[in-house]
Amino acid sequence: MALLKLQFPLQRRVRLAQGLWLLSWLAVLAGAFTFSLGVYLKTELLRRAEVMDNTEIHVVPNILMLVGLITIGINLFAGRVCQDSLDSARFPPWKPFLLPWYGLAWMVCVWLLSAVVLSYALQGHLEESLKVGLRNGIRFYRDTDVPGRCFQKETIDRLQMELRCCGNTNYRDWFEVQWISNRYLDFTSKEVKDRVRSNVDGRYLMDGVPFSCCNPGSPRPCLQNHLTDNTAHYNYEHQSEELNLYNRGCRQALVDYYMGLMNTIGPGILSVISLQMSVLVSLRYLQTSLDGVDPENPEADSEGYILAKGVKETMMDVKNTMFTLLQFGQVEAGDEAEAGADGEKADTSS
């Protein structure tokens with residue numbers, strides 16, 4: 001028994017073709033929208049590439065860009081089919097291409113859904129990538145003269161100011177690295193010598209942070225140095241001075257930013273999937289209703305359906321077809337092997 005069978009008089013077939021034409025063009029715009037989302041997300045990820053350790057999360061915008069282009073192509077095809085659907089001479093040549101079109105349309109929906117799922121599933125990978133990338137960025141902050149790291153300081157400073165964050169986890173991450181270059185340290189100074197000697201690795205460590213960690217919302221001028229020494233500043237208590245520096249770490253700030261993008265993109269992609277499914281179902285109804293039209297009476301009523309049989313029967317048919325194809329391939333491979341063996345025997349006997 002056919003699945004979701006409907007009656008289609010001539011007028012209803014015409015309206016279906018016209019509506020499907022409009023849907024297909026809306027789906028073309030949706031494909032362009034999907035591609036644009038992928039480009040935007042890719043651009044935002046590349047902007048922060050210097051503070052990322054790997055590019056696994058880039059699979060999401062790559063899928064969106066690829067699927068966006070495919071969506072544009074398949075829906076342009078669907079629009080052309082709609083234009084020719086009510087012409088008995090122009091529609092039949094399109095029929096052989098419809099089955100591959102259905103398969104590609106289903107794959108587009110699956111890819112889009114996988115992009116939405118991956119955007120949330122890769123959150124842990126994104127956080128780990130940012131953790132390692134930011135740690136390296138902070139460590140190489142001082143290397144403004146080293147090729148390949150010349151702009152690391154600018155990148156970290158801009159990041160901290162734009163996202164209103166400080167350090168990897170918090171501002172104390174700066175206490176663990178020497179973020180001031182040796183060229184700006186006076187090694188004749190007793191204070192500098194003492195700090196370098198007191199450290200096992202010979203680094204100049206201090207309880208200070210770069211200027212980009214300063215919170216402009218603080219009521220007092222920003223304190224960057226001697227942050228843990230209450231006696232170094234008047235009327236200062238480092239455990240309660242929450243406004244002096246940004247308290248949020250840049251890793252959490254970036255994760256929140258990117259997950260906010262994902263949360264915005266997700267509903268848009270689900271809407272594109274719904275629109276593409278509408279085009280797929282409508283085109284299937286249009287095809288089957290046109291196949292059921294009596295050639296001698298083109299204005300007669302016809303029936304349209306999604307599947308010629310039930311879901312279970314259709315799945316069994318697909319399974320049997322695939323099994324037959326696999327058996328056919330194995331038989332061909334066996335025949336070729338036997339032919340090769342016969343050839344070898346013939347060569348040996350000669």
Side-chain angles (χ1 to χ4, degrees), residues 1-35 66-113 267-322 325:
M1 182 178 178
L3 180 66
L4 300 177
K5 184 165 59 175
L6 297 175
Q7 287 291 124
F8 284 91
L10 175 62
Q11 188 177 4
R12 193 173 183 182
R13 290 197 299 271
V14 173
R15 287 201 302 266
L16 177 61
Q18 292 171 343
L20 180 55
W21 182 85
L22 179 60
L23 271 180
S24 63
W25 278 103
L26 288 175
V28 169
L29 295 178
F33 170 72
T34 303
F35 178 78
L66 175 62
V67 174
L69 293 176
I70 295 175
T71 301
I72 293 173
I74 63 176
N75 287 291
L76 287 174
F77 174 86
R80 185 59 186 274
V81 172
C82 294
Q83 288 180 332
D84 297 343
S85 61
L86 300 179
D87 189 328
S88 58
R90 296 164 62 184
F91 179 69
W94 293 108
K95 289 184 179 181
F97 301 100
L98 290 178
L99 186 59
W101 185 92
Y102 292 134
L104 190 57
W106 272 109
M107 288 302 299
V108 163
C109 295
V110 171
W111 287 334
L112 287 173
L113 187 60
I269 298 302
L270 293 177
S271 301
V272 173
I273 293 175
S274 300
L275 182 59
Q276 188 60 55
M277 289 295 296
S278 300
V279 173
L280 193 153
V281 171
S282 299
L283 186 58
R284 178 60 177 169
Y285 270 124
L286 181 63
Q287 178 201 359
T288 53
S289 63
L290 291 175
D291 289 341
V293 173
D294 185 359
E296 297 180 358
N297 186 12
E299 297 185 1
D301 294 355
S302 62
E303 292 183 344
Y305 49 84
I306 300 299
L307 295 175
K309 301 178 182 179
V311 177
K312 185 176 181 180
E313 292 81 359
T314 303
M315 293 299 294
M316 289 300 296
D317 289 345
V318 172
K319 180 181 177 181
N320 293 333
T321 302
M322 295 298 296
L325 291 174

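Reckoned from all heavy atoms, side chains included, excluding hydrogens, waters and symmetry mates. Everything numeric in this text was worked out from a predicted model, so none of it was measured.
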### Approximate separation, where rounding is to 0.5 Å, of Leu98 CG and Phe77 CZ
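Going from the CG atom of Leu98 to the CZ atom of Phe77 covers 5.5 Å.
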Testing the basics here: between [X] and [Y], what is the closest heavy-atom pair and its distance to 0.1 Å?
{"X": "Arg80", "Y": "Trp94", "answer": "CG-CZ2, 3.4 Å"}
{"X": "Thr71", "Y": "Ala27", "answer": "CG2-O, 3.7 Å"}
{"X": "Leu20", "Y": "Cys82", "answer": "CG-SG, 3.1 Å"}
{"X": "Leu286", "Y": "Arg13", "answer": "CD1-O, 4.1 Å"}
{"X": "Asp84", "Y": "Phe91", "answer": "O-CB, 3.2 Å"}

### Task
For residues Trp101 and Leu283, determine if any side-chain heavy atom of one lies less than 4.5 Å from a side-chain heavy atom of the other.
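A side-chain contact under 4.5 Å exists here.
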#### Entry: Close side-chain approach of Tyr102 to Ile74, heavy-atom, < 4.5 Å
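Contact flag for Tyr102/Ile74 side chains = no.
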Exercise answer: donor-acceptor pairs, residues 269-280 side-chain atoms, under 3.5 Å, sequence neighbours excluded:
{"unit_1": "Ser271", "atom_1": "OG", "unit_2": "Pro267", "atom_2": "O", "d": "2.9"}
{"unit_1": "Ser274", "atom_1": "OG", "unit_2": "Leu270", "atom_2": "O", "d": "3.1"}
{"unit_1": "Gln276", "atom_1": "OE1", "unit_2": "Asn75", "atom_2": "ND2", "d": "2.8"}
{"unit_1": "Ser278", "atom_1": "OG", "unit_2": "Ser274", "atom_2": "O", "d": "3.0"}

### Query
How would you list all residue pairs meeting side-chain hydrogen bond (donor to acceptor under 3.5 Å, both in side chains) that involve residues 18-31, not counting sequence neighbours?
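For residues 18-31: none.
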#### Entry: Residues which pass side chain to side chain contact (heavy atoms under 4.5 Å, CB included) with Ile72, listed by chain and number, not counting sequence neighbours
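Expected list: Val28, Ala32, Leu76.
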### Partner set under ring pair (Phe, Tyr, Trp, His ring centres under 6.0 Å) for Trp111, not counting sequence neighbours
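Testing Trp111 for ring pair (Phe, Tyr, Trp, His ring centres under 6.0 Å), a comparison that skips the adjacent residues, returns none.
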#### Entry: For Arg12, all residues meeting salt bridge (charged side-chain N to carboxylate O under 4.0 Å, His left out), sequence neighbours excluded
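Applying salt bridge (charged side-chain N to carboxylate O under 4.0 Å, His left out) to Arg12 gives none.
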